[in-house]
Structure formats: C-alpha cells, structure tokens
Protein chains: 2
Amino acid sequence: MNAPLSERRQAQLAALTDAAERRIAEGGMASLKARDLAADIGIALGGLYNIVTDLDELALRVSSRTLGRLGEALTAASDALPLESKADAVNRLVAIAHAYLHFAKGNLRLWRTLFELRLAEGTALPAWAADDQLRLFRHVAEPLTLLVPDMDEAQQTLAARTLFAAVHGIVTLGLEERLVAVPLTALEAQIEWLVRAACRGLGE
Amino acid sequence: MNAPLSERRQAQLAALTDAAERRIAEGGMASLKARDLAADIGIALGGLYNIVTDLDELALRVSSRTLGRLGEALTAASDALPLESKADAVNRLVAIAHAYLHFAKGNLRLWRTLFELRLAEGTALPAWAADDQLRLFRHVAEPLTLLVPDMDEAQQTLAARTLFAAVHGIVTLGLEERLVAVPLTALEAQIEWLVRAACRGLGE
DNA sequence: GCGGAAGAATGAACATTGTTCAAGACTGAA
DNA sequence: TTCAGTCTTGAACAATGTTCATTCTTCCGC
C-alpha cells in the first residue's frame with residue numbers, strides 16, 4: 001500500500017490487464033464489464049478511469065499481449081525449421097500457417113477479440129498496436145524473400161499479406177462452430193494444400 | 001414467429017426491416033437502436049417487441065436480405081460466363097471471387113454485419129439463415145465439380161469451403177481500412193493469383 | 001518532520017441502452 | 001351496444017459505461 005505511486009500505477013495496470021485477459025478468455029469481449037473488473041482488482045468503479053481511459057483501451061492492451069504470444073508461437077514454429085532452399089521456405093510457410101491455426105484454436109476467445117476491436121470511428125489505433133501487426137506479417141515475408149528473391153519488395157509485402165489473409169480466412173471459417181465442424185487434421189490438410197499451391201503460383 | 005401474421009404485421013415487419021437495413025447501412029450494427037427504430041416506423045418503443053422478439057432477430061433478418069442480394073450478385077457473375085471446359089471453371093471461380101469482393105466493398109457495413117452476428121451462446125441460428133450460407137458455398141462448389149470430377153464429393157465440398165474462406169480472408173483484410181489501404185485493382189490481382197494457384201494445386 | 005499542493009480514490013449520479021409490463025385503447029363478432 | 005381478446009403505449013426496470021464533486025494520500029520544498 002505504500003509503494004511509490006508510479007510503481008503502484010504500473011502494478012495496477014498489470015493487474016487490471018490480467019483481470020481483463022482472464023475475463024475475455026473466459027467469456028469473450030462481451031464479458032468485459034467495468035464493475036466486474038474494478039471488483040477483480042479491488043478498486044472502486046471510478047478508479048478504473050485513472051488507470052485506463054476506456055474499456056476499449058483495455059481490450060487493446062489485452063490484444064497486444066495476445067499478438068505478442070502469437071508472435072512467439074510463430075517464431076517458435078519458424079525457428080524449428082531450416083531456411084536455406086526454396087523448399088525450406090515453403091515448408092516454413094506451411095509450419096507458420098499450422099502454428100497460426102493451433103494458436104487460434106488454443107486461444108479461441110482471445111484470438112477472436114483481436115478482430116472484434118471496434119475503435120471509435122475516426123480514431124486510429126496506437127502505433128504500438130500497429131507495430132504488433134506488422135511484426136506478424138514479417139514472419140510470412142521473410143521466407144517469401146527467399147522464395148521469390150527477384151520480386152520487387154512492395155510486391156513481396158503484398159503477397160505476404162495475401163497469403164496471411166487467405167490462411168486467416170480458412171482458420172476463421174474452420175473454427176466457426178455454428179457451421180459444420182471440420183476436424184482439425186482436415187483443416188491442417190486444407191491449409192497445407194492452399195499454401196503450397198499459392199507458393200507454386202508465385203513462381204510464375 | 002411462424003404463426004400466420006396479419007397483413008398489418010407483415011407490413012410493420014417489412015417497414016421495420018427496411019428501417020434497420022437503412023440504419024445498418026448508414027452506421028453499422030452499433031447504430032441499431034430500439035428507440036430510433038421505433039421512431040422510424042412511428043410506433044411506441046414497446047411495440048417493437050410485438051413485431052420482433054429481439055434486436056438480434058432484426059439483425060438476422062437484415063443479414064438474410066444481404067445474403068440474398070449477395071447470392072444474386074454471385075449468380076449474375078456466374079451466368080455471364082460459359083462453363084464447359086476446365087479453363088471455364090477456373091475463370092468462373094475467379095469471376096465469383098471478384099464479384100464477392102465488389103459486393104463487399106459496395107455494401108461494406110451490411111456485409112460486415114453478416115459476421116458480427118453474435119447469437120446468444122447456445123442458440124443455433126435458424127434454418128433459413130443456415131440455408132442462405134449453404135447456397136453461397138454451392139456457387140463455388142459447382143465449378144469445382146467440373147474442375148475435379150474424380151474427387152469424392154465430401155472432398156469437393158471441403159475444397160469449396162476452403163477456397164471460399166481464403167478469398168473471404170483476402171477481402172476482409174483488404175477492406176480493413178485501419179491497415180494500409182490496398183488499391184482495388186491490386187486486390188483483384190491478388191485474388192486472381194490465389195484462386196488460379198489454388199485451382200492448379202487441386203489438379204495434382 | 002511538516003504543510004500544502006497535486007494527484008488519486010471513492011461511490012453516487014448520470015446517460016444510454018435493451019426489455020418488460022400494467023393499463024388503456026381498439027377491434028370485431030354476437 | 002357490449003364485451004372479450006388483442007394491440008399499443010410509455011413508464012419503469014435493469015444493466016452498463018462514464019463523469020464528477022468530495023475525500024484521502026502522497027510527495028516535495030521548507
């Protein structure tokens with residue numbers, strides 16, 4: 001209780017973010033309630049707004065953490081494979097896509113929250129949040145530079161985004177349980193097919 | 001909801017759905033407010049709940065309309081091309097994907113609403129809504145049967161879903177304005193590349 | 001140490017929503 | 001006309017995010 005205020009604030013922010021993360025993991029973004037969170041960390045309702053300006057900011061902070069963990073997962077998948085030949089590059093892209101699928105399945109609610117963020121119309125998302133996103137694309141872009149070294153860089157970036165988006169779409173639809181459930185291994189196979197086909201299509 | 005409705009009720013329901021569609025097209029699902037809608041069609045607040053059980057039901061009805069119009073757009077794109085050779089099949093798939101992109105861009109808020117529907121946990125979506133979705137997949141499945149006639153039907157269905165999902169992902173990310181904007185023609189080119197590559201990958 | 005300014009904590013109050021409900025108004029058959 | 005059933009109404013309720021005056025703490029210059 002008598003730690004210096006600045007430290008205390010940091011600790012509160014961390015505790016608040018923890019609580020928010022737990023609540024979202026438990027019940028999705030819809031269960032991010034100001035009163036619940038205040039109770040979780042033992043402060044009065046109004047105190048929330050000394051730590052954070054918005055519940056939206058809080059959701060953004062949780063999303064940043066999730067993106068960080070996702071990045072680590074993709075890094076781990078990448079580092080497990082060599083990257084020397086073009087075949088390596090394709091294999092690595094497949095591994096990244098599979099890692100993405102498994103992360104999404106294993107962190108379903110937190111992962112979904114990444115895309116449910118609705119910032120107030122007109123407010124751009126903070127730089128640190130945008131950075132997190134770019135870091136993700138770079139995981140895909142790196143093998144691509146080896147795969148198609150002659151392609152101009154803007155085109156490579158665009159291709160990385162497209163590939164990422166395609167895989168993301170497959171994962172999203174595949175984990176949507178209000179449609180027919182697709183077995184995980186079938187999803188993996190579909191992703192692998194698409195990534196390999198897309199890579200082959202890049203060559204020409 | 002399935003008892004025979006009086007004519008007045010039908011008219012009210014239509015007017016209400018119109019109003020909801022207008023509001024969503026204008027400001028997204030967040031601007032579907034009970035009081036606004038009641039005012040729009042000139043009834044008291046409570047009267048809404050004689051016409052519709054929920055605002056969610058209303059959003060679902062608007063989504064059904066949107067899916068219907070989307071289906072028509074895909075049909076129009078399909079019918080404009082012959083379907084005899086395998087090359088025709090690929091061209092048609094590309095045309096469908098492009099039509100999807102243009103529909104999404106031209107009906108951005110209504111299209112996004114399709115995926116923002118959050119039915120109360122545990123309630124399945126009504127059969128008529130599920131049917132609309134299946135009809136969409138069939139647009140993709142039809143050319144696929146010509147393209148890979150030897151493939152077993154379950155596999156064809158799965159491939160259709162995957163292709164649809166991949167294109168959907170590209171469109172979603174491409175129309176997300178809080179990232180770098182991608183010119184429409186670049187988006188078209190990316191989609192065409194991916195669809196053609198995926199089709200070639202199917203053959204082997 | 002101390003005293004006052006700056007900042008933080010509190011919880012009541014406000015604003016905005018979706019939804020319900022008792023009471024009145026209406027409609028159509030007898 | 002009368003009356004039972006139905007529709008409509010708008011006030012009330014509940015849940016929620018956010019603000020604010022008041023009270024309490026903390027920190028820094030003396």
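Residue numbers start from 1 in every chain, and the chains themselves are labelled A, B, ... in the order their sequence lines are given, proteins ahead of strands. None of the values given here were measured: they were computed from a predicted structure.
Within residues 11-22 of chain A, no residue is approached by DNA chain D to less than 4.0 Å at the level of any non-hydrogen atom. Within residues 41-48 of chain B, the residues having any heavy atom closer than 4.0 Å to DNA chain C are, in order of number, B:Leu45, B:Gly46.
With distances taken from any side-chain atom of B:Leu55 to the nucleotides D:dT8, C:dG18, C:dT10, the minimum falls on C:dG18. Taking every side-chain heavy atom of A:Arg8 into account, C:dA9 is the closest of C:dT19, D:dG17, C:dA9. Across C:dA9, C:dT19, D:dT19, the shortest atom-to-atom separation from the side chain of A:Tyr49 is found for D:dT19. Distance from the side chain of B:Asp54 is smallest to C:dT19 among D:dT8, C:dT19, D:dT18. For B:Ala34, the listed nucleotide lying nearest its side chain is C:dT19; candidates were D:dG17, D:dT16, C:dT19.
If you check the side chains of B:Thr75 and B:His139, you find a donor sitting under 3.5 Å from an acceptor.
One finds no side-chain N or O of A:Arg35 lying less than 4.0 angstrom from the OP1 or OP2 phosphate oxygen of D:dT16.
Residue contacts for A:Leu32: at a heavy-atom cut-off of 4.0 Å it reaches the sugar-phosphate backbone alone, with no base atom in range.
Here the CG-CG distance, from A:Leu194 to A:Leu163, works out to 7.5 Å after rounding to the nearest 0.5 Å.
In this structure, the NZ atom of B:Lys33 is 9 Å from the P atom of C:dT16, given to the nearest Å. Between the P atom of C:dG18 and the CD atom of B:Glu57 lies a distance of 15 Å, rounded to the nearest Å. The distance from atom CG of A:Asn50 to atom P of D:dC20 is 13 Å, rounded to the nearest whole Å.
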